[in-house]
Structures are given as structure tokens and as C-alpha cells.
Amino acid sequence: MIGIFDSGYGGLTILEKIRAILPGYDYIYLGDNARTPYGTRSFDVVYHYTLQCVEKLFDLGCHLVILACNTASAKALRTIQQRDLPRIDASRRVLGVIRPTVESLGKLTKTRHVGLLATPGTVQSESYPIEIKKLFPDIIVSAEACPMWVPLIENNEHLSPGADFFVKKNIHQLFRQDKDIDTIILGCTHYPLLLPKIRQFVPKGIELVAQGEIVARSLENYLQRHPEIEQTCSKNGQCIFLTTESEEKFGASARIFLQKDIQAQHIYLQ
Ligand code: DGL
């Protein structure tokens with residue numbers, strides 16, 4: 001099965017697009033809901049939590065794990081790929097969401113001024129500016145941390161009038177940094193749920209980059225280029241949902257993301 005990991009529910013926005021484009025594969029979604037949010041936690045903590053979840057997915061038989069979480073991709077992916085995978089099993093793969101998102105930017109921005117909206121952890125890591133500089137040295141990036149957006153979504157308050165204050169505030173602060181921005185990366189897998197509100201406060205004509213389809217297309221491409229990994233993936237079109245929190249809580253909140261009933265199973269990581 002292909003493992004899809006997120007700190008909570010945000011990765012469901014990625015899973016949904018992956019399953020739409022690659023419906024034949026089997027997936028295990030693991031949400032570390034008991035320890036979410038990751039976005040305000042330190043580098044070391046995010047790394048240890050993420051590694052534990054990846055190892056769990058490996059134990060469950062996944063050969064390929066997608067970190068469907070920007071914070072985990074920013075703070076843990078590189079160390080896991082370089083330091084842990086050779087020790088655990090060099091034939092397994094862990095991929096993140098930042099690189100494919102950055103690859104998509106080249107064709108999207110005309111002004112070459114890009115904005116990033118993300119969790120404090122992703123912004124502090126500077127992973128986006130670093131990756132963008134590698135691929136597109138001419139692009140200027142401005143980043144705005146939005147610490148309130150994930151709690152608003154997780155509490156199902158994202159479409160309420162109360163959410164307007166925080167969405168407007170962070171978008172205004174982003175444009176105060178750079179008024180020439182024509183493309184904004186929604187650098188957190190929760191943020192697609194805020195799209196209607198974000199659109200309301202962003203000037204017309206601005207490109208909003210949500211990651212689901214980008215990551216799904218990138219995975220499709222990856223599987224085509226890596227038949228040795230593709231062959232390890234089972235293909236019955238199934239999906240299992242695992243949560244470190246209660247099954248009832250997962251079901252209720254997952255509904256906000258997927259608009260359907262989800263039966264999750266609780267797991268302990270140790
Ligand atoms: N889904 C995570 C991300 O994409 C954010 C949620 C969290 O803070 O744990 O960054």
C-alpha cells in the first residue's frame with residue numbers, strides 16, 4: 001500500500017486528489033491527530049514524530065510513503081531520506097510535497113514575485129525559498145505564517161465570519177511585504193478548505209496554488225519513472241484510515257474535509 005502521512009486531517013486534501021488520479025492503488029492514510037498541530041512545534045519534535053509515523057507505515061507494509069504535510073516535509077523529509085532510510089531499508093522511499101509544488105511555479109508566475117502562506121514551522125524552516133532558489137533563482141519569495149488558520153479549520157470555523165479577520169490580516173500582511181506578487185502557494189495541506197475565503201481577500205487575477213493535484217500528478221509521474229517501486233504497490237483500489245486519536249473524532253473531522261463518512265482505526269505508535 002502507498003502510505004500517506006499527515007499531522008492531522010490536511011493530508012486528506014492530497015489523498016483525495018491522489019485517489020482521483022490513481023484510483024487503482026491501495027492506500028493507508030495515517031493522521032497523527034493526537035499530536036497535531038505540527039506547525040507550531042520545534043524542528044526536532046516534528047522530525048521525531050514524523051519518523052515514528054513513517055516507521056509505522058513501513059511496519060504495515062508500505063514501501064512508499066508520501067509526507068502529505070508541508071511542516072513534516074520541511075522539517076523531517078531530508079533527514080529521513082539521507083540519514084534514516086539507509087539504516088532502516090534503503091529500498092523504501094519517502095517523498096514530500098514541497099518539491100513538486102515548487103516545480104510547478106516556473107510556468108505560473110509572470111512577475112516572478114511569489115507569496116507563500118503556511119504554518120509558522122514551514123515558514124521558519126525556509127524550505128520553500130531554498131527550493132525555489134535552486135530551481136528558479138530569479139523568483140522573489142515572500143512568506144507569511146498563518147498560525148490561526150489550521151485551528152480555524154480543525155474547529156470547523158473556517159467558513160464562519162470570525163475566520164475573515166485572520167484570513168484578511170495574513171493576506172494583507174503578505175501583500176505589504178511585496179505588492180508585485182502574482183502567485184500564492186497555499187503551503188499547508190489544510191488551506192484548500194479556506195479557498196473561498198482566501199479568494200475573497202486576494203486581489204483579482206492572483207494565481208492560488210493548491211497542492212493536491214500537483215502532488216498527485218507528481219506521484220503518477222514518479223511511479224512511471226520507478227517501476228521497481230510501482231511493482232511493490234498493491235492494486236485493489238482500497239484505502240485504510242488510521243489515527244492516533246479516537247476513531248469517532250477522526251470520523252467527525254474527516255467529514256469536514258471529504259464530505260463523506262470515514263471509518264478510521266485507532267493505532268498506538270509504540
Ligand atoms: N497539514 C500541515 C501542513 O501542511 C499543517 C497542520 C499542522 O500544523 O500540523 O503543514
Side-chain angles (χ1 to χ4, degrees), residues 3-18 29-54 65-78 80 94-102 104 115-131 143-158 163 166-167 170 184-195 198 208-216 218 241-245 249-250 253-254 256-258 269:
I4 310 282
F5 164 72
D6 183 47
S7 60
Y9 303 104
L12 294 172
T13 63
I14 304 280
L15 174 73
E16 199 187 11
K17 300 288 182 192
I18 290 178
Y29 183 89
L30 170 57
D32 192 7
N33 304 89
R35 303 189 292 195
T36 198
Y38 279 18
T40 44
R41 295 190 193 278
S42 67
F43 191 97
D44 238 36
V45 169
V46 171
Y47 161 66
H48 282 291
Y49 284 1
T50 305
L51 178 60
Q52 225 181 355
C53 292
V54 166
V65 174
I66 313 293
L67 302 185
C69 172
N70 286 270
T71 312
S73 298
K75 293 187 161 187
L77 178 63
R78 181 132 316 165
I80 291 175
V94 181
L95 307 174
V97 291
I98 294 178
R99 180 77 183 205
T101 308
V102 168
S104 76
L116 168 69
L117 297 167
T119 64
T122 299
V123 171
Q124 278 155 20
S125 74
E126 299 206 340
S127 297
Y128 272 98
I130 292 167
E131 282 299 320
E144 179 69 21
C146 312
M148 291 303 292
W149 289 19
V150 168
L152 281 169
I153 296 164
E154 298 253 334
N155 289 292
N156 203 10
E157 288 289 343
H158 52 291
F166 292 104
V167 174
N170 290 126
I184 297 178
I185 305 164
L186 304 183
C188 170
T189 52
H190 280 66
Y191 294 177
L193 272 83
L194 270 171
L195 261 172
I198 297 171
L208 295 173
V209 184
Q211 300 174 296
E213 192 158 338
I214 293 168
V215 173
S218 165
F241 294 87
L242 303 176
T243 174
T244 55
E245 245 292 349
K249 232 171 141 180
F250 188 93
S253 293
I256 304 171
F257 286 80
L258 296 180
L269 290 173

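Note that ligands are numbered from 1 as they come in the structure, with each ligand's atoms numbered from 1 the same way.
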task = Evaluate the side-chain proximity of Lys249 to Thr243: yes if any heavy-atom separation is below 4.5 Å, no if none is.
result = no
ask   = Strictly by modelled atom types, are Asp32 and Gln52 linked by a side-chain donor-acceptor pair under 3.5 Å?
value = no
inquiry  = Is it the case that the side chain of Arg41 and the backbone of Arg35 share a donor-acceptor pair, with hydrogens and angles ignored and the cut-off at 3.5 Å?
reply    = yes
request  = Might you list the protein residues in contact with ligand 1, defined as having a heavy atom under 4.0 Å from one of its atoms, sorted by chain and number?
outcome  = Asp6, Ser7, Thr36, Pro37, Tyr38, Gly39, Cys69, Asn70, Thr71, Thr119, Val150, Cys188, Thr189, His190
query = Within a strict 4.5 Å, meaning less than it, do heavy atoms of the Thr13 and Tyr191 side chains meet?
reply = no
key: Candidates Leu15, Val94, Ile4 - the one meeting side chain to side chain contact (heavy atoms under 4.5 Å, CB included) with Ile66   = Ile4
inquiry  = If you count every heavy atom of other residues, nucleotides or ligands that lies below 6.0 Å from Glu126 atom CD, does the total exceed 12?
reply    = no
